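Reminder, nothing fancy here: chain letters follow the sequence lines and each chain counts from 1. These numbers come from the heavy atoms of this one structure, side chains and all, not from hydrogens, waters or symmetry mates. Quick caveat, the model's predicted, so the values are computed rather than measured.
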2 protein chains.
Amino acid sequence: MGKPTRTKQLDPAAICRSSDPMAVRELLTKVGDKWTIFIVLSLDLLGGRARFSELERAVPGISQRMLSSTLKMLERDGMVTRELFPEIPPRVEYEMTDLGRSLLRPTQGLVDWVKENWQQVRDAQSRYDER
Amino acid sequence: MGKPTRTKQLDPAAICRSSDPMAVRELLTKVGDKWTIFIVLSLDLLGGRARFSELERAVPGISQRMLSSTLKMLERDGMVTRELFPEIPPRVEYEMTDLGRSLLRPTQGLVDWVKENWQQVRDAQSRYDER
DNA sequence: CCCATAACTTACCTCGACGTAAGTGACTGA
DNA sequence: TCAGTCACTTACGTCGAGGTAAGTTATGGG
């Protein structure tokens, strides 16, 4: 036998109280990127279905490139569906899936947390910075 | 007068059902970085208080540089406190604050979501990729 | 003939997140 | 004297997220 363990050891699989900590990180990384949250919440506010140009206007500051690539990621992940209407000029509508909607609940939890606690974060930052 | 607005307009402040959408993005960006979630959850699993080297061992793969900088950010944001014991060799303990603990609840919501839904995401990705 | 339109794609560039490796300081025990 | 310990910091390099701007497609309208 080796020496007794001196410090608590964490089961790598338990690190997130989840069987797949890497999946948790992956989701957080996706949701934490620059535009996903705005697109998802805007789409929801627009009734769960909207076309490209509507989202472009709904999310101030986003470029076509980022809107396009973020929507593609959301589609790949099964969060939204894409429907192309072969008209001229083309029309494309994006719609939230049940999966996407189900993610909205825990996400809203974080939005609410910000509403309640962000000022405390700001205060803590100020205190930390001035010394 | 210009043309009448043809599409729904979103109040930029309403985009997140929050008075501060930028704060929401900021939080998501923080939580969505590579190590924060692992450090926070590990610290919680270790009883809410742990020293640097414990966290180093608890979070597999993290470097001292990233552990140090991430902890510094968490401290600045008021999520953890840092206590230095001037011994030799030095000992430093990090402890979750009430603010940090309060963030754990909505975060756990996302962890749970992954547990329930990640397989669906994986499936959607596979379907999308093979065509 | 030319422009506007919607929904993109492509090319190019910047900048910061993150990784790796080494150094630091002060002391203790061999 | 020298190695070991802990909690870092510093220097350096890479890589990809994201910004900007222009091009593309097909068509109807002036």
Enquirer: Expressed as a whole number of angstroms, how long is the span from A:K30:NZ to D:dG16:C1'?
Expert: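 So the NZ-C1' distance, A:K30 to D:dG16, works out to 15 Å.
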Enquirer: Does C:dA7 have OP1 or OP2 sitting under 4.0 Å from an N or O in the side chain of A:S53?
Expert: yes
Enquirer: Just grab all the salt bridge (charged side-chain N to carboxylate O under 4.0 Å, His left out) pairs involving residues 91-100 of chain A, residues at least two apart or on different chains.
Expert: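 Residue pairs with at least one partner in residues 91-100 of chain A: A:R49-A:E93, A:R49-A:E95, A:E87-A:R91, A:R91-A:E93, A:D98-A:R101.
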Enquirer: Counting side-chain heavy atoms from C-beta on, which of C:dC18, D:dA7, D:dG18 comes nearest to A:W35?
Expert: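 Nucleotide nearest to A:W35's side chain: D:dG18.
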Enquirer: Check the distance between D:dA7's P and B:E75's CD and give it to me in whole angstrom.
Expert: 15 Å
Enquirer: Give, ordered by number, those residues of residues 81-95 of chain B having at least one heavy-atom distance below 4.0 Å to an atom of DNA chain C; if nothing qualifies, reply none.
Expert: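 Heavy-atom contacts with DNA chain C come from B:I88, B:P90.
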Enquirer: Please state how far atom CG in A:L71 lies from atom P in C:dT9, giving the value in whole angstrom units.
Expert: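 Taking CG of A:L71 and P of C:dT9, I get 10 Å after rounding.
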Enquirer: If the cut-off is 4.0 Å, is A:R51 near the phosphate of C:dA7, judged by side-chain N/O to OP1 or OP2?
Expert: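 Checking C:dA7 against A:R51, a side-chain N or O does come within under 4.0 Å of OP1 or OP2.
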Enquirer: Under the side-chain hydrogen bond (donor to acceptor under 3.5 Å, both in side chains) criterion, do B:D33 and B:T36 qualify, and how do the steps go?
Expert: CA-CA 6 Å; B:D33 77 359; B:T36 295; 2.7 Å; yes
Enquirer: B:A124: which residues meet the side chain to side chain contact (heavy atoms under 4.5 Å, CB included) condition with it, sequence neighbours left out?
Expert: B:R127
Enquirer: Spell out yes or no: do the side chain of A:R65 and the base of D:dT20 have one donor N/O and one acceptor N/O closer than 3.5 Å?
Expert: yes
Enquirer: Mind checking side chain to side chain contact (heavy atoms under 4.5 Å, CB included) for B:R65 and listing every partner two or more places apart, or none if nothing turns up?
Expert: B:S63
Enquirer: In whole angstrom, give the distance that lies between atom NZ of B:K34 and atom C1' of C:dG16.
Expert: 15 Å
Enquirer: Report the residues that fulfil side chain to side chain contact (heavy atoms under 4.5 Å, CB included) with B:L28, sequence neighbours left out, ordered by chain and then residue number.
Expert: A:V31, A:L110, B:V24
Enquirer: Nearest whole Å is fine: how far is D:dG18 P from B:D33 CG?
Expert: 13 Å
Enquirer: Could you tell me how far apart B:E56 (CD) and D:dT5 (C1') are, to the nearest whole angstrom?
Expert: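 It works out to 12 Å between those atoms.
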Enquirer: Calculate the interatomic distance between B:R25 atom CZ and D:dA17 atom C1'; express it in whole Å.
Expert: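 Rounding to the nearest Å, CZ of B:R25 and C1' of D:dA17 are 13 Å apart.
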Enquirer: Is the shortest side-chain N/O distance from B:S68 to OP1 or OP2 of D:dT9 below 4.0 Å?
Expert: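 Affirmative; the distance criterion is met.
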Enquirer: Checking A:T97 now: which residues fulfil side chain to side chain contact (heavy atoms under 4.5 Å, CB included) with it, not counting sequence neighbours?
Expert: A:T81, A:L99
Enquirer: Counting only side-chain heavy atoms from C-beta out, which of C:dG19, D:dA21, C:dA7 sits nearest to A:F52?
Expert: C:dA7
Enquirer: Is it true that the side chains of B:Q125 and B:D129 contain a donor and an acceptor less than 3.5 Å apart?
Expert: no
Enquirer: Write down the distance between CG (B:L67) and P (C:dG19), rounded to a whole number of angstrom.
Expert: 12 Å
